[in-house]
Amino acid sequence: MRDILKLLSCMLFSFSVAAMEPITPLEAVQDLSLDKVRLGQKLFSDERLSRDNSVSCLSCHDLSINGADEKSLSLGINGKKAVIKTPTVYNTTYNFAQFWDGRSRTLENQVSGPIHNPLEMGSHWGEVIRKLQNDAAIVRSFNTLYDDGLTASNIADAIATFERSLVTVDSDFDRWLKGEENVLSEEAKQGYALFKSYGCISCHQGRNVGGNMYAHMGTFGNYFSDRKLPITKADYGRFNVTGIEEDKYLFKVPSLRLVSLQKYFFHDASESNLESAVKIMAYYQLGRDVNDTDAKLIAKFLQSLVGRHTLLEQR
Ligand code: HEC
Ligand code: HEC
C-alpha cells in the first residue's frame, strides 16, 4: 500500500512539474560509448563516404555554425543542389523522426539516405566499405568496438552514436526553466509568454521546441499559392512517404532550438529574416497578425534557446 501511495505521489509530482511548462530542458544523452562517439565523429567528416571523395556529412552539417550550413540549398557532389533546406544535426536524437517528411524513424536508419542520394554523396555501402577496408586504423577501430567489424550497420551505428552526443545543453532558457531567475532577459521572457499566447506552442513544444509531431504548412491560408514559386515534389512533404492526399504539404514541425543561428528558414529556404519567419508562421499556422514589437520579442525568446556544445562556436 505504501509503495502504491509513493508511486502515486511520485506520478503526481512529475505530472505537476511537467505540466508547469510545455518546454522542458535539454539533457545530454547518458551512457554513450565514448569510443563509438569518437569513431562516429571521424566518419562524420570522412569524405570517402561520397563517390568522388569530395563531400562528407560535415560539408553540409557544419558543427561550428549550427549543425547545418549557411546556404539556402546545400551542395553535394559535382556541385549538385539539394532539393530541400538542410536541417541541423544538433539535438536530432530528440526528434521523433528524421527528415522534413519523417521518412526515417531513427538516426541509424537515416545515415544511408545521404550516402545513396545522388544529389548528396552519390555512393553506396559496397563502395564505402571497399574504401574504408584499405584503412588499417579504421578497420582496427571497428574490430575493437564491434563483434562483426566493419559493416554498413556498424558505420551507421557509430555515426548515430556521435549524433546522439550533439545535444546543446544549458541555454539561457533552460537555465531559467531550472530556476536561475536572472539569466533570461525580460524581452526573452515576454517573447516566451507571446509564443504561448499566440499558440506557437501548440506545435513547437517539448524539449526540442518541435520535432515531436507533423503539421501542414498553411493551416490557415494557402502558403504555396501565395509563395509564387512553382510547387516541387519536396513541397509535398509527408505525402512522398505515405501517398495519402491529406498528407500533402505536411511536414515534421522543426525544432526551434538553434533556429536563430540559421540564415534561411522553412523547408524551401524562402525566408532569410527570423522576425519575418515568425510573422509568416503566425499568419499561415495561426491565422494571426503579429506586429513588429511582438515578432522581435519572440525572436529574442528563440535566441535564448541556443545551448552549448564544445563543437558549436562559443558566442
Ligand atoms: C549535400 C549535403 C548533405 C550531406 C553531404 C549530408 N546531409 Fe544530412 N541532410 C541534408 C539535407 C538537405 C537534409 C534534409 C533532407 C530531407 O529532409 O529530405 C538532411 C537531413 C539530415 C538529417 C535529419 C535531420 C532532421 O531534423 O530531420 C540528419 C540526421 C542528417 N542529415 C545527417 C547526415 C549524415 C550523418 C550525413 C553523412 C553520412 C549527412 N547528413 C550528409 C544535407 C546533407
Ligand atoms: C500548426 C503548427 C504550427 C504552429 C502553430 C506554428 N508552427 Fe512554426 N512551423 C511549423 C511547421 C510545420 C514548420 C515547417 C514549415 C516549412 O518549413 O515549410 C514550422 C517552421 C517554423 C520556423 C522555421 C524553422 C526552420 O527550421 O526553418 C520558425 C522560425 C517557426 N516555425 C516559428 C513559429 C512561431 C514563432 C510560431 C507562432 C507565431 C509558430 N512557428 C507556429 C508548424 C507550426
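Remember, it's 1-based here, ligands and their atoms both numbered in the order they're listed. Here the structure is a predicted model, which is why all the values come from computation and not from measurement. Positions are given from 1, in the same order as the sequence printed here.
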Nearest-neighbour protein heavy atom for atom 38 (C) of ligand 2, which is reported as residue plus atom name and distance: Cys200 SG, 2.7 Å
Arg288 NZ/CZ over Tyr198 ring centroid, <6.0 Å and within 45° of normal: no
So which atom in Thr168 and which in Tyr90 form the shortest heavy-atom distance, rounded to 0.1 Å? CG2-CD2, 3.7 Å
Quick one: are the ring centres of Phe224 and Tyr236 less than 6.0 Å apart? no
Distance, nearest 0.5 Å, that separates CD of Gln98 from CZ of Arg105: 10.0 Å
Below 3.5 angstrom, do we get any N/O pair linking His267 and ligand 2? yes
Nearest to atom 18 (O) of ligand 1, what protein heavy atom do you find, and at what distance? Arg103 NH1, 3.0 Å
Can you give me the closest heavy-atom contact between His216 and Leu250, atom names plus distance? N-CD1, 3.5 Å
Of the protein's non-hydrogen atoms, which lies at the shortest distance from atom 1 (C) of ligand 2, and what is that distance? Cys203 SG, 2.7 Å
For Glu70, enumerate each residue passing the salt bridge (charged side-chain N to carboxylate O under 4.0 Å, His left out) test, keeping only those at least two apart in sequence or located in another chain. Lys263
Looking only at protein heavy atoms, identify the closest one to atom 12 (C) of ligand 1 and say how far it is in Å. Ile84 O, 3.3 Å
Decide yes or no for His204 and Val253: does some side-chain heavy atom of the first lie under 4.5 Å from some side-chain heavy atom of the second? yes
N or O contact, Phe99 vs ligand 1, cut-off under 3.5 Å: yes
So Phe195 and Phe301, would you call those rings parallel, tilted or perpendicular, with 30° and 60° as cut-offs? tilted
Report, as yes or no, whether the 6.0 Å neighbourhood of atom NZ on Lys296 holds more than 12 heavy atoms from other residues, nucleotides or ligands. no
Applying a strict 4.0 Å limit to heavy atoms, is Lys85 in contact with ligand 2? yes
Do Asp247 and Val241 come close enough that some side-chain heavy atom pair is under 4.5 Å? no
Contact partition for Asp101 relative to ligand 1, non-hydrogen atoms under 4.0 Å: neither
Restricting to non-hydrogen atoms, name the atom on Asp52 and the atom on Ser54 that form the minimum distance, rounded to 0.1 Å. OD1-OG, 2.6 Å
Top protein contact for atom 35 (C) of ligand 1, by heavy-atom distance: Glu163 OE2, 3.3 Å
What is the total of protein N/O/S atoms that are closer to atom 8 (Fe) of ligand 1 than 2.8 Å? 1
Taking atom 8 (Fe) of ligand 2 as the apex, NE2 on His204 and SD on Met281 give an angle, to 10°, of 180°
Give the single entry among Phe265, Tyr283, Trp100, Phe266 that approaches atom 22 (C) of ligand 2 most closely by any heavy atom. Phe266
Which residue owns the protein heavy atom closest to atom 25 (C) of ligand 1, what's the atom, and how far is it? Lys252 NZ, 3.2 Å
Would you check, one step at a time, whether the test salt bridge (Lys or Arg N to Asp or Glu O under 4.0 Å) holds for Asp62 with Lys71? CA-CA 11 Å; Asp62 186 335; Lys71 299 187 179 69; over 6 Å; no
Can you check which of Gln98, Lys80, His116 brings a heavy atom nearest to atom 24 (C) of ligand 1? Gln98
Residue and atom name of the nearest protein heavy atom (relative to atom 15 (C) of ligand 2), distance in Å to one decimal: Met217 SD, 3.6 Å
